[in-house]
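A quick write-up on the structure given underneath.
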Amino acid sequence: MTLKEFQHNNRMKSTLKTVLVGVLCVLIGEYFHLDDLFFSVLISFLLMTAFKGQVFKASLKVLLATIIFGFVSVVIGLVFFDSSILYLLLSCLWIFIAVLLVPLINIGAIIGGIVASIILFFTVFNGIEASTETYYMLCLQFFIAFVVASFVDSFVYPFKSYEAFRLTIDSTFVSLGSHFKNLNAILSNSPESEKEITLDNFKQMRELIRITDKKDVETNIYNYQVKVAIFTKEIYVKNEIIRNILLGDNSEWMAPEIAEIVKLLNINISEALKIIHECWISGSNNDSFISRELTNALNSEIKNLEDIYREVHSAPGRDAEFYEKLLSFGSLIELYKIIVLKLQKIDDLVLKSKEPHFKQDEPSDIKEIRNTEFIPDYRHLLLNKGNVRQSVKIIIITLIVLYGELYMSWPGGFQVTFFSVLFGLLPNIGQIHQKAKISIQAVFVSILYGIVCLAVLSQIQSFALLILFFILGGFIFSYLANSTGSAAYGWLHALLVVPFSLLVTNVGVVDDLASALQRGLALIVVACVGIAVQHLIWPVIPEKQLRSSIRKSLISTSIILAELLKMDVTKSVEIKKLVRKQSESLPTINTLFNDAKYLLSSEDENTHEYFMAIERIEFLYIQVESLFRGIYRHLDNRLLPLHLAHMKKNYDQLFDCMEKVAGQFENGTVFEYDFDKFTGDLVENRQRFRDSDVWRKFSDNEIEHSVFIAKSIDDIIDSTEEINRAINFINLNGDEKTVFTLEESSVVPVK
């Protein structure tokens with residue numbers, strides 16, 4: 001089975017499980033004659049769609065949040081209800097706190113805010129006694145959702161994350177092999193084939209590692225296969241760096257004989273990945289999957305490159321060009337060495353994963369992945385402008401809906417509180433406008449479906465027919481919500497509306513359509529209030545959000561890079577955490593691309609520049625991760641710290657440059673460095689290090705590795721220059737730019 005087939009089957013199973021959970025909740029509620037049973041169905045739909053494979057943990061958070069937030073809300077009502085203003089302020093503050101904690105406890109905080117809002121509505125309209133009864137009712141309904149959803153998710157077509165994990169790696173082997181063939185297309189000036197693998201594959205692997213239940217898998221086999229995933233990602237990163245080298249100007253060193261050797265390397269690496277892919281599936285009794293001949297060929301080709309490299313930079317008259325014109329050549333050799341080493345390790349690990357009796361403790365890299373759940377800093381969480389702003393918006397939406405209910409006779413009642421909070425929690429990023437539009441359209445479709453079904457039921461009183469309509473609507477919207485497209489977010493809202501549209505107090509009894517129409521109108525009103533607050537009362541400026549994301553990404557990269565190049569061994573653990581955290585956030589670059597694609601039309605003169613800036617930030621992220629491994633896994637290199645110390649002044653200028661480039665998006669100015677002069681100063685300083693002859697005292701491997709690090713930093717400088725050029729163009733809207741040198745440190749305000 002291919003990965004696509006597995007994902008399709010899994011999507012169908014997830015849809016069927018979601019519908020089954022909903023039907024079970026309906027039947028339980030009807031059997032025990034429970035009021036407002038749509039709550040349990042709605043919560044179970046949310047859990048089954050958003051938390052596949054992890055429903056038990058998520059539903060437990062929901063149940064605990066319901067108990068805790070609901071209890072505090074009732075206590076606030078009991079103590080302060082007589083002071084109406086104070087009660088309203090405290091209740092809103094409690095909802096504010098719940099929403100503020102969404103980044104920390106996610107679904108628990110969302111449900112906590114919803115429960116607090118519902119109890120606020122009940123207290124205002126029906127009194128504290130009614131709100132207490134509502135609290136008990138919510139706890140019961142959410143307990144039913146907890147039990148049913150957890151049971152179905154765990155025992156009915158359980159999510160096979162381990163199988164998905166294996167298939168993901170398998171498809172990655174195939175795609176990665178085509179990536180190396182693409183490198184030969186670059187060398188032959190031929191068009192590249194479309195990429196089939198991105199960093200999203202590795203993000204998916206990481207998530208699958210976290211949720212895989214090792215009880216069903218032999219521990220030693222699973223550990224080795226996770227290690228394979230880690231090494232595969234490292235090869236992918238190195239492939240991207242090689243690609244950027246080959247796309248650059250290599251005319252100074254890329255002789256035809258060198259190009260032919262590089263092509264052979266790419267072909268043989270692709271062949272090795274193909275062999276590993278086949279053996280990953282079928283298995284073998286050999287000592288090695290990759291043949292000895294192929295391994296010897298790879299090592300021989302690298303040695304040929306090394307011989308040419310040493311011959312060139314040791315030839316009379318070429319020494320002066322060693323550190324500059326041959327940087328790409330030296331770093332290319334180092335990259336291929338690393339790739340071949342990782343291939344050999346993968347080959348060994350795949351082989352050992354086929355040996356059931358081979359025992360070893362869980363590798364430390366896997367433990368780190370399992371323990372890298374994001375635990376935000378509490379102070380940062382509370383002081384985060386975006387989170388505070390979003391929490392205030394929720395309060396505004398809640399108060400507007402409450403005011404409309406009290407004084408303007410808006411339809412809906414307490415039930416719409418669920419949706420007032422959900423619509424208020426639309427992501428506070430550039431996609432907010434797109435997602436808001438998709439959500440309101442999907443909700444309207446779901447409401448229309450509910451009204452049509454109830455119209456039929458008003459003529460044919462049948463509980464069985466109601467269940468059939470419920471199953472049909474649940475299946476359609478759940479299937480759409482389980483897709484990977486951008487509309488999935490909206491269809492999730494549509495799915496949540498299904499129980500609200502169809503499940504009235506007396507299930508199966510529909511005397512008229514007045515209540516159905518009123519509920520539909522209520523949802524539309526609440527959605528409009530949410531959109532109005534987000535767009536009119538307190539609008540998000542999407543392009544500003546996009547600029548802010550780019551600025552923060554560039555600043556964080558400069559900070560991590562500054563720490564890396566200090567090569568402080570005592571801080572290796574702290575730096576590793578910084579790099580890992582940045583690596584974890586790398587897939588958010590895809591979010592930036594999606595935001596930009598929606599915000600910027602093809603006619604927008606800045607579209608290309610935004611895409612260029614985002615693409616180069618992605619490359620910076622990859623380079624930082626590669627630099628960390630290159631520096632801290634070669635601490636025995638005696639030359640590297642000497643070289644880094646000698647270049648400290650230039651690198652400090654680079655960090656200052658990156659921060660000032662990023663600052664342009666914040667202060668509305670244009671600040672352009674004379675990068676030619678900066679690069680000239682850097683080359684001149686590197687020349688002084690070369691003239692000192694210090695480097696001649698070290699081994700060839702130490703020299704080559706130092707060259708690899710130097711080339712990586714040069715690539716970072718080039719990327720920073722491209723980002724700066726793109727930002728200047730955006731800020732000036734294509735007007736004539738003025739160039740300033742580093743010493744002038746000049747700023748031009750944007751008119």
| Distance-only, no hydrogens or angles: does the Thr679 side chain make a donor-acceptor pair with backbone N or O of Asp676 under 3.5 Å? | no

| Salt bridge check: are Arg686 and Asp714 linked by an N-O gap of less than 4.0 Å? | yes

| said: Using side-chain heavy atoms (C-beta onward) and a distance below 4.5 Å, is Thr557 in contact with Ile716? | reply: no

| task | For the residue pair Tyr236 and His179, categorise the inter-ring angle as parallel (less than 30°), tilted (30 to 60°) or perpendicular (more than 60°). | result | tilted

| message | Using only atom types and a distance under 3.5 Å, with no angle test, would you say the side chain of Ser178 pairs donor to acceptor with the backbone of Ser175? | response | yes

| said: Quick check: do Leu620 and Leu561 have side-chain heavy atoms less than 4.5 Å from each other? | reply: no

| task | Mark yes or no for whether Ser188, through its side chain, and Asn184, through its backbone, hold a donor-acceptor pair below 3.5 Å. | result | yes

| query | When rounded to the nearest 0.5 angstrom, what distance separates CG in Leu332 from CD1 in Ile241? | reply | 11.0 Å

| message | Does Ile717 form a side chain to side chain contact (heavy atoms under 4.5 Å, CB included) with Phe678? I'd like the steps, not just the answer. | response | CA-CA 10 Å; Ile717 294 171; Phe678 172 71; 3.8 Å; yes

| query | What's the verdict on side chain to side chain donor-acceptor pair (under 3.5 Å) for Asn304 and Tyr309, showing C-alpha distance, side-chain angles and the deciding distance? | reply | CA-CA 9 Å; Asn304 289 338; Tyr309 175 73; over 6 Å; no

| What distance do Leu264 atom CG and Ser300 atom OG have between them, rounded to the nearest 0.5 Å? | 9.5 Å

| remark: To the nearest 0.5 Å, atom CG of Leu294 lies from atom CG of Asn299 at 9.5 Å

| said: Testing the basics here: between Ser712 and Leu627, what is the closest heavy-atom pair and its distance to 0.1 Å? | reply: CB-CD2, 3.8 Å

| said: Quick check: do Asn650 and Met647 have side-chain heavy atoms less than 4.5 Å from each other? | reply: yes

| task | Nearest 0.5 Å please: distance from the CD1 atom of Ile555 over to the CD atom of Glu659. | result | 6.5 Å

| task | Would you mind reporting whether Asn182 and Arg243 have side-chain heavy atoms less than 4.5 Å apart? | result | no

| task | Verify side chain to side chain contact (heavy atoms under 4.5 Å, CB included) between Ile713 and Leu565, making sure each step is shown before the conclusion. | result | CA-CA 10 Å; Ile713 296 170; Leu565 297 184; 3.9 Å; yes

| field | Flag if over 12 foreign heavy atoms under 6.0 Å of NZ, Lys263 | value | yes

| task | Return the minimal non-hydrogen interatomic distance between Ile333 and Leu305, and the atom names on each side. | result | CD1-O, 3.7 Å

| request: Please report the closest heavy-atom contact between Asn637 and Glu702, naming both atoms and the distance. | output: ND2-O, 3.3 Å

| query | Going by heavy atoms in the side chains, are Ile269 and Tyr336 under 4.5 Å from each other? | reply | yes

| task | Return the minimal non-hydrogen interatomic distance between Ile723 and Ala613, and the atom names on each side. | result | CG1-O, 4.0 Å

| Quick one: OG1 on Thr720 to CD on Glu722, what's the gap to the nearest 0.5 Å? | 9.5 Å

| task | Return the minimal non-hydrogen interatomic distance between Ser270 and Lys181, and the atom names on each side. | result | OG-CE, 3.3 Å

| task | Check step by step if side chain to side chain contact (heavy atoms under 4.5 Å, CB included) holds for Lys660 and Asn724. | result | CA-CA 9 Å; Lys660 285 187 170 68; Asn724 184 65; over 6 Å; no

| said: Can you tell whether the side chains of Glu334 and Lys711 come within less than 4.0 Å, N to carboxylate O? | reply: no

| query | For Lys274, which residues count as a side-chain hydrogen bond (donor to acceptor under 3.5 Å, both in side chains) partner, sequence neighbours excluded? | reply | none

| request: Kindly determine whether Asn268 and Phe180 satisfy side chain to side chain contact (heavy atoms under 4.5 Å, CB included), including the steps that lead there. | output: CA-CA 9 Å; Asn268 286 331; Phe180 280 94; over 6 Å; no

| His643: which of Tyr651, Phe698, Phe689 passes ring pair (Phe, Tyr, Trp, His ring centres under 6.0 Å) | Phe689

| said: Quick one about Arg688 and Asn685 (side-chain donor to acceptor, distance below 3.5 Å, no hydrogens or angles considered), yes or no? | reply: yes

| query | Does some side-chain heavy atom of Leu343 sit less than 4.5 Å from a side-chain heavy atom of Leu273? | reply | yes

| request: Measure the shortest side-chain to side-chain distance between Ile261 and Ile308 over non-hydrogen atoms and say whether it is less than 4.5 angstrom. | output: yes

| task | Output the distance between atom CG (Asn266) and atom CG (Leu246), rounded to the nearest 0.5 Å. | result | 7.0 Å

| query | Is there side-chain contact between Leu644 and Lys648, with heavy atoms separated by less than 4.5 Å? | reply | no

| note | In short, Ile276 meets Asp347 closest at the heavy-atom pair CD1-N, 4.4 Å

